[in-house]
**Student:** 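Here you go, one structure.
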Amino acid sequence: MNKIKHTLRFAVLINNFSIVVILVLFYLVRLLGLNPIFLAFEIIPLVAVVLSFRHAFVKTGIWKMTHASSKKLDEREIQIVFKATNISYSLFAITTLVIIYIFILSGLGQIDAVLAVCLLYIAHILPASIIAWNEKE
């Protein structure tokens with residue numbers, strides 16, 4: 001595996017891991033009844049999300065490709081985006097259902113705005129993440 005592919009995969013991992021850290025910090029503060037000032041630590045993973053997003057998706061053009069009209073893509077790009085979208089939304093549906101069941105069965109209450117925003121973000125980056133991880137070019 002070449003260095004560019006390795007760096008791209010690392011940026012995707014950092015991006016996804018940072019989202020998880022944001023959620024963990026938020027729910028630790030909420031569930032443990034910690035002082036809300038601890039939420040300021042979420043700035044660190046938020047900066048990591050922004051920087052890794054820029055590196056993994058914007059600079060490579062993957063974000064633009066996954067959000068472009070099919071009229072602007074060639075046949076190969078359409079197939080790549082379709083395959084990635086298919087896989088990502090299957091994974092997303094299963095993950096979302098698991099999260100909903102965890103909230104219901106554990107008594108965590110309703111899904112709040114922080115989790116909803118993170119899920120929305122993940123829904124948008126998942127096809128690009130799959131392309132970044134799997135495609136050779």
**Student:** Do Phe82 and Tyr89 land in one hydrophobic cluster if side-chain heavy atoms of ILVMFWY residues count as linked below 4.5 Å?
**Tutor:**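 No; Tyr89 is not reachable from Phe82 via cluster members.
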**Student:** How close do Ala132 and Leu8 get, counting heavy atoms only, and between which atoms?
**Tutor:**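 The answer is O-CD2, 3.5 Å.
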**Student:** Check salt bridge (charged side-chain N to carboxylate O under 4.0 Å, His left out) between Arg54 and all other residues, then give those that pass, not counting sequence neighbours.
**Tutor:**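 Partners of Arg54 under the salt bridge (charged side-chain N to carboxylate O under 4.0 Å, His left out) test: none.
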**Student:** Answer yes or no: is there a side-chain heavy-atom contact under 4.5 Å between Tyr27 and Leu115?
**Tutor:**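 Sidechains of Leu115 and Tyr27: in contact.
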**Student:** May I have all residue pairs that pass salt bridge (charged side-chain N to carboxylate O under 4.0 Å, His left out) and include part of residues 57-67, sequence neighbours excluded?
**Tutor:**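 For residues 57-67, and leaving out neighbouring residues, there are no salt bridge (charged side-chain N to carboxylate O under 4.0 Å, His left out) pairs at all.
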**Student:** Other than Val47, what residues sit in its cluster of Ile, Leu, Val, Met, Phe, Trp and Tyr side chains whose heavy atoms are under 4.5 Å apart, directly or through others?
**Tutor:**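 Hydrophobic cluster check, Val47: joined to Ile43, Leu51.
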**Student:** Would you list the pairs meeting salt bridge (charged side-chain N to carboxylate O under 4.0 Å, His left out) in which at least one residue belongs to residues 10-29, sequence neighbours left out?
**Tutor:**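 Matches after skipping sequence neighbours: none remain.
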**Student:** List the steps, then state whether side-chain contact (heavy atoms from CB on, under 4.5 Å) holds for Ile131 with Thr66.
**Tutor:** CA-CA 9 Å; Ile131 292 171; Thr66 58; 3.5 Å; yes
**Student:** Any ring-ring contact (aromatic ring centres under 6.0 Å, His included) pairs touching residues 57-81, not counting sequence neighbours?
**Tutor:**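 Sorted pair list: Phe53-Phe57, Phe53-Trp63, Trp63-His67, His67-His124.
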**Student:** Please determine whether the number of non-hydrogen atoms from other residues, nucleotides or ligands lying under 6.0 Å from atom CG of Leu31 exceeds 12.
**Tutor:**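 Yes, CG of Leu31 has more than 12 neighbouring heavy atoms, counting only those of other groups under 6.0 Å.
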**Student:** Under a 4.5 Å side-chain heavy-atom rule over Ile, Leu, Val, Met, Phe, Trp and Tyr, are Ile130 and Phe10 clustered together?
**Tutor:**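 No, because Ile130 and Phe10 fall into different hydrophobic clusters, even though each may have its own neighbours under 4.5 Å.
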**Student:** If you group Ile, Leu, Val, Met, Phe, Trp and Tyr by side-chain heavy-atom gaps below 4.5 Å, do Ile19 and Val24 land in one group?
**Tutor:**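 Hydrophobic grouping puts Ile19 with Val24.
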**Student:** Are Met65 and Ile80 side-chain neighbours, meaning at least one heavy-atom pair lies under 4.5 Å?
**Tutor:**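 SC-SC contact between Met65 and Ile80 confirmed.
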**Student:** Please determine whether residues Leu23 and Ile125 belong to a single hydrophobic cluster, defined as Ile, Leu, Val, Met, Phe, Trp and Tyr linked transitively by side-chain heavy-atom distances below 4.5 Å.
**Tutor:**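 Yes, it is one cluster - the side chains of Leu23 and Ile125 are joined through contacts under 4.5 Å.
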**Student:** Can you list every side-chain hydrogen bond (donor to acceptor under 3.5 Å, both in side chains) pair that touches residues 30-49, not counting sequence neighbours?
**Tutor:**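 Sorted pair list: Arg30-Asp112.
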**Student:** Would you sort out whether Lys83 and Asn134 count as a side-chain contact (heavy atoms from CB on, under 4.5 Å), showing the intermediate values?
**Tutor:** CA-CA 11 Å; Lys83 181 181 173 188; Asn134 292 325; over 6 Å; no
**Student:** Taking only residues two or more places apart in sequence or in another chain, which ones pass side chain to side chain donor-acceptor pair (under 3.5 Å) with Tyr121?
**Tutor:**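 Tyr121 satisfies side chain to side chain donor-acceptor pair (under 3.5 Å) with Asn15 only.
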**Student:** Say whether Ile22 and Val20 are linked into one hydrophobic cluster, either directly or through other cluster members, by side-chain heavy-atom distances under 4.5 angstrom.
**Tutor:**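 Cluster IDs for Ile22 and Val20 match.
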**Student:** Tell me whether Phe41 at atom CZ has more than 12 heavy atoms from other residues, nucleotides or ligands lying less than 6.0 Å away.
**Tutor:**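 Counting neighbours around CZ of Phe41, 12 or fewer heavy atoms of other residues, nucleotides or ligands fall under 6.0 Å, so no.
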**Student:** Per the salt bridge (charged side-chain N to carboxylate O under 4.0 Å, His left out) rule, what does the pair list look like for residues 95-104, sequence neighbours excluded?
**Tutor:**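 Every candidate salt bridge (charged side-chain N to carboxylate O under 4.0 Å, His left out) pair involving residues 95-104 fails, so no pair, neighbours aside, qualifies.
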**Student:** Considering residues at least two apart in sequence or located in another chain, which fulfil the side-chain contact (heavy atoms from CB on, under 4.5 Å) criterion with Leu34?
**Tutor:**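 Only Val29, Leu32, Phe38 meet the side-chain contact (heavy atoms from CB on, under 4.5 Å) criterion with Leu34.
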**Student:** Identify all side-chain donor-acceptor contacts of residues 93-106 below 3.5 Å with residues at least two apart in sequence or on another chain.
**Tutor:**
residue : atom : partner : partner atom : Å
Thr95   : OG1  : Leu91   : O            : 2.8
Thr96   : OG1  : Phe92   : O            : 2.8
Ser106  : OG   : Ile102  : O            : 2.6

**Student:** Quick one: does any side-chain atom of Glu77 pair with a main-chain N or O of Asp74 as donor and acceptor, under 3.5 Å?
**Tutor:**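 Yes, because the side chain of Glu77 sits within donor-acceptor range (under 3.5 Å) of the backbone of Asp74.
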**Student:** Could you tell me if the side chain of Leu39 sits less than 4.5 Å from the side chain of Leu25, heavy atoms only?
**Tutor:**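 No, every pair of side-chain atoms sits at 4.5 Å or beyond.
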**Student:** Any side-chain heavy atom of Ser18 sitting closer than 4.5 Å to one from Leu46?
**Tutor:**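 In short, these two side chains do not touch, never coming nearer than 4.5 Å.
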**Student:** Checking Phe17 now: which residues fulfil ring pair (Phe, Tyr, Trp, His ring centres under 6.0 Å) with it, not counting sequence neighbours?
**Tutor:**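 By the ring pair (Phe, Tyr, Trp, His ring centres under 6.0 Å) rule, Phe17 matches no residue at all.
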**Student:** Tell me every residue that passes side-chain contact (heavy atoms from CB on, under 4.5 Å) with Ser70, counting only those two or more places apart in sequence or in another chain.
**Tutor:**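 Scan of Ser70 (side-chain contact (heavy atoms from CB on, under 4.5 Å), adjacent residues dropped) gives Ile78.
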